[in-house]
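First the structure, in the form of structure tokens, and then the observations on it.
A, B, ... follow the sequence lines: proteins, then strands. Residue 1 opens every chain.
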Amino acid sequence: MTVALCATAIVVLALLWEVSMPWLDRKLEIRRANRARRRDGAVAVAGYDPGRERRAEQRARELLKSCVNEEEWAMYPDLGFVRIWGNESGASGEDVLSSDLRGVPYAYLVYPHRPVVAYLPQTGRLLNEYCVEFPDETRPYGSTRLPDSDDVLAKWMALKGDERRLITEANMHLPGRQIDPKMLQRDIWRLGRWERERLERARRAPAQPPRTAGPADPTA
Amino acid sequence: MKLLRMRPGYGEQLIAEGDVEVAGDEERLVEAFRRQLELGMWAAVPVTSESGRREAEMVRSFEEVPRTTDRVIFFPRAAGGAR
């Protein structure tokens, strides 16, 4: 009996060790980074380099461009945000956002370093704000913030790949908590006008029609 | 295949690169992949659907990464923002 208990205890300890190692590893790395940051604190602040940040943003933009759809890429510099249709990761709005959304097309407005906003494109009704960040605790240059375009791409990939997971991690608020609802309504109006103008341009130049909406677009 | 990581002040950083069909390379990629997950990163693979639309898949292990993909992008895991 004692031998069996000892063996079980050893197995449990070994399993705990295995499970806790990655966590410890992560904590140690963050601790080392924090210590280095404290040591070089003054240097890091004084060493803020706008050129480096611009280069980082440029690289992030290239990566964003290489990942998102042509329409989404065109939208970002023109409007300052990207619209992502909900439901593309296979989850339904009813499951992810609200039980009222059975079969209703919904979408997200994704801004850099601002909450993700869910809304109903058909009516323009704002649903929720989802406050979410992607902080890099290793703070290579003293900040946890990714370049703007990386933040947008992280949200894009997370919403496309596992919408439910991202929404679960986010803090949900009613619209207006961080972003002015009037600005959101204006952005939705600007998006509609932008799409109409794009379609019009595509009609006038049929030789090179842009992809205005993919097959996954519920309103297409 | 390239493993890229988004980082503040860098844009993306190349973590590892190799051919998954070469045993040594694959081992190195698997190790680098695990290391990033242990550091708390999320991993995504950009993909193109049959209709030509660009999508992304979140992957939780190297086995889930399509063998034909040319890059895996790591980014810090999501955390709830301003309360």
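Counted by atom type alone, Arg5(B) and Gln13(B) present zero donor-acceptor pairs between their side chains at under 3.5 Å.
Of the atoms belonging to Ala154(A), heavy atoms from both backbone and side chain fall under 4.5 Å from chain B. Looking at Arg71(B), only its side chain comes within 4.5 Å of chain A, counting heavy atoms on both sides. With a 4.5 angstrom heavy-atom cutoff, Arg145(A) touches chain B only via backbone atoms. Residue Ser149(A) does not touch chain B at all, counting heavy-atom pairs closer than 4.5 Å. Proximity to chain A (any heavy atom under 4.5 Å) is shown, for Tyr10(B), by both the backbone and the side chain.
In terms of heavy-atom pairs under 4.5 angstrom with chain A, the leader among Gly11(B), Pro8(B), Ala56(B) is Pro8(B). Ranked by heavy-atom pairs under 4.5 Å with chain B, the list Pro135(A), Ala170(A), Pro147(A), Cys67(A) is led by Cys67(A). Between chain B and the options Ala60(A), Ser66(A), Pro115(A), the largest number of non-hydrogen pairs under 4.5 Å is found for Ser66(A).
Ring pair Tyr76(A)/Trp73(A) is tilted by interplanar angle, where 30° to 60° counts as tilted.
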Would you list the atom pairs, donor with acceptor, under 3.5 Å between side chains in residues 14-21 of chain B and any protein atom, with sequence neighbours excluded?
from: Asp19(B); atom 1: OD1; to: Glu21(B); atom 2: N; distance (Å): 2.9

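In this structure, Arg54(B) fails the cation-pi test against Trp156(A), since its NZ or CZ atom is not both closer than 6.0 Å to the six-membered ring centre and inside 45 degrees of the ring normal.
The aromatic ring centroids of Tyr119(A) and Tyr108(A) lie 6.0 Å or more from each other.
Atom CD of Glu27(B) is surrounded by 12 or fewer heavy atoms from other residues, nucleotides or ligands within 6.0 Å.
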